[in-house]
Amino acid sequence: MDAETALEWVDQLLFRKTGERLSALQRNILHKVLRGQKYLEIAAHFGYTEGHIKDVGSHLWKVLSKLLGERITKSTCRAVLERYLQSVSGVPAAPVTPLPLKDDRAIPENFVGREAAIAHLSSLVQQGCKVIVIQGEGGLGKTTLAQLYLQTQGFENVLELLMAKEPQNITSVERVVEEWLKQDFEQEPGSEFGVSLGRLKRQLHQRRVGILIDNLEPALDSEGRLIAFHRQYVELLRVLADARVQSVTLITSRDRLCEPD
């Protein structure tokens with residue numbers, strides 16, 4: 001099966017059952033996802049925000065789930081479509097070939113001099129570390145290193161949270177967890193923050209996810225602790241540091257994180 005074959009099959013099946021066709025953006029998202037791209041890359045390619053691509057993608061997976069009679073997500077759509085196409089044709093489906101450098105642990109040729117840092121991160125993860133802080137002055141390439149590592153380790157999905165530069169503009173942790181549940185895990189958040197955290201933890205127990213919390217320093221006080229207005233981030237860090245989760249979280253910061261909890 002190639003991506004084009006899958007697209008045409010889905011579009012024709014949708015038309016036969018509903019009289020509607022995939023929109024141009026739905027086709028583009030499905031095509032790129034089948035080729036191994038992430039929402040952020042799709043958004044950049046077509047000139048949309050990542051949030052808009054996630055919203056359209058979420059609706060698309062619901063459409064496909066209803067169409068095929070089973071739950072489909074971004075991470076499972078390729079395998080499900082391969083199975084359906086094989087059952088229709090009776091011929092074993094050839095896997096969709098991912099794009100180059102996508103989850104193949106290859107390091108781009110222009111990324112040099114950080115092999116030791118990559119190896120050190122891998123060593124920490126192998127030792128069971130769940131949350132790792134990359135701390136240093138601005139301009140050292142902390143974010144680039146973290147993004148490269150997460151993008152080349154075969155994670156099912158990579159979530160990124162960029163802290164606002166001004167403390168008053170930092171997104172509340174309740175909102176962050178709500179968005180992750182709805183957009184990335186297709187789960188409804190709870191009526192209380194603790195319930196939402198519990199649902200997030202269950203997802204992280206089941207799925208191998210990479211998480212980047214970028215530029216944490218605006219959320220820290222002079223002692224390296226989370227500022228009073230955003231103390232709830234400590235609860236999120238507790239979940240991310242749980243020994244049972246399959247996720248790995250990288251935090252970049254110019255300042256040290258000194259949370260005793």
Side-chain angles (χ1 to χ4, degrees), residues 1-105 150-160 179-188 199-200 202-211 246-247:
M1 181 191 78
D2 59 24
E4 288 74 17
T5 299
L7 269 175
E8 292 308 315
W9 183 78
V10 169
D11 191 54
Q12 292 175 20
L13 181 62
L14 180 64
F15 183 73
R16 288 200 304 270
K17 289 195 173 186
T18 68
E20 299 179 356
R21 298 281 189 182
L22 292 172
S23 69
L25 185 53
Q26 286 176 327
R27 289 179 65 93
N28 288 332
I29 291 174
L30 182 56
H31 182 268
K32 294 297 185 182
V33 167
L34 291 174
R35 302 295 293 174
Q37 287 201 0
K38 301 183 183 301
Y39 284 136
L40 183 61
E41 297 168 315
I42 299 171
H45 182 84
F46 292 108
Y48 292 95
T49 65
E50 183 182 9
H52 181 64
I53 294 298
K54 286 183 176 181
D55 287 342
V56 176
S58 177
H59 177 69
L60 174 60
W61 311 137
K62 291 177 181 177
V63 169
L64 294 182
S65 298
K66 186 175 181 180
L67 194 63
L68 299 178
E70 66 177 277
R71 184 171 181 269
I72 295 175
T73 66
K74 175 177 177 287
S75 60
T76 64
C77 69
R78 184 167 63 188
V80 172
L81 290 180
E82 284 180 353
R83 172 161 49 81
Y84 270 88
L85 283 175
Q86 180 180 352
S87 67
V88 170
S89 65
V91 178
V96 175
T97 304
L99 291 174
L101 297 177
K102 188 55 58 184
D103 292 338
D104 59 1
R105 301 175 184 255
L150 294 175
Q151 291 168 4
T152 57
Q153 299 304 303
F155 288 106
E156 179 179 333
N157 198 4
V158 176
L159 313 181
E160 292 194 14
E179 285 298 300
W180 283 354
L181 284 172
K182 292 171 62 176
Q183 301 296 338
D184 297 287
F185 297 106
E186 298 184 348
Q187 299 287 314
E188 285 299 317
R199 293 176 182 177
L200 176 63
R202 285 195 292 274
Q203 290 297 313
L204 298 181
H205 283 177
Q206 301 166 10
R207 301 169 62 173
R208 189 167 181 269
V209 176
I211 299 172
Q246 297 189 54
S247 60

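Below, each value reflects all heavy atoms present in this structure, side chains not excepted, and no hydrogens, waters or symmetry copies.
The main-chain N or O of G51 is never found under 3.5 Å from a side-chain atom of Y39 such that the two would form a donor-acceptor pair. Judged by distance alone, with hydrogens and angles left aside, the side-chain atoms of R199 form no donor-acceptor pair with the main-chain N or O of L181 at under 3.5 Å. Side-chain N or O atoms of S58 include none that pairs as donor or acceptor with a backbone N or O of K54 at under 3.5 Å. For the pair K17 (side chain) and L67 (backbone), a donor-acceptor distance under 3.5 Å is present. Without hydrogens or angle criteria, D11 side chain to L22 main chain gives a donor-acceptor distance under 3.5 Å. In this structure a side-chain-to-backbone donor-acceptor pair under 3.5 Å is missing from Q153 to L150. No donor-acceptor distance shorter than 3.5 angstrom exists from the side chain of E82 to the backbone of A79, with no hydrogens or angles considered.
Checking H31 against E4 by side-chain atom types alone, a donor-acceptor pair falls below 3.5 Å. Side chain to side chain, S75 and E156 meet the donor-acceptor criterion of an N or O pair below 3.5 Å.
Counting all heavy atoms, side chain and backbone alike, L85 lies closest to A6 at CD1-CA, 4.0 Å. Residue W180 comes nearest to I211 through the heavy atom pair CH2-CG2, 3.8 Å, listed as atom of the first residue, atom of the second, then distance. What you find for Q26 and L60 is that their closest heavy atoms are O-CD2, 3.7 Å. Considering every non-hydrogen atom in both I72 and W61, the closest pair reads O-CB, 3.3 Å. Of all heavy-atom pairs between F185 and R71, the closest is O-NH2, 3.5 Å. The nearest pair of heavy atoms linking Q151 to E160 is NE2-OE2, 4.2 Å.
The side-chain heavy atoms of L13 and L68, taken from C-beta on, include a pair separated by under 4.5 Å. In this structure the side chain of H45 reaches within 4.5 angstrom of the side chain of K32, judged on heavy atoms.
If you take CZ on R27 and CG on L7, they are separated by 5.0 Å, rounding to the nearest 0.5 Å. One finds the CD1 atom of I53 at 6.5 Å from the CD1 atom of I42 (value rounded to the nearest 0.5 Å). Note that CZ of R207 and OG1 of T73 are 5.5 Å apart. Values are rounded to the nearest 0.5 Å. Rounded to the nearest 0.5 Å, atoms CD (E8) and OG1 (T5) are 8.5 Å apart. With values rounded to the nearest 0.5 angstrom, R78 atom CZ is found 11.5 Å from L30 atom CG. In this structure, Q187 CD and Q203 CD are separated by 4.5 Å, a value rounded to the nearest 0.5 Å.
Ion pair E70/R83 flagged as a salt bridge, since at least one NZ, NE, NH1 or NH2 atom sits closer than 4.0 Å to an Asp/Glu carboxylate oxygen.
L64 pairs with exactly one of V10, T76, V80, L14 by the side chain to side chain contact (heavy atoms under 4.5 Å, CB included) rule, that one being V10.
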(message) Is there a side chain to side chain contact (heavy atoms under 4.5 Å, CB included) between H205 and Q246? Walk through the geometry before answering.
(response) CA-CA 6 Å; H205 283 177; Q246 297 189 54; 5.9 Å; no
(request) Test K38 against V33 for side chain to side chain contact (heavy atoms under 4.5 Å, CB included), laying out the working first. (result) CA-CA 7 Å; K38 301 183 183 301; V33 167; over 6 Å; no
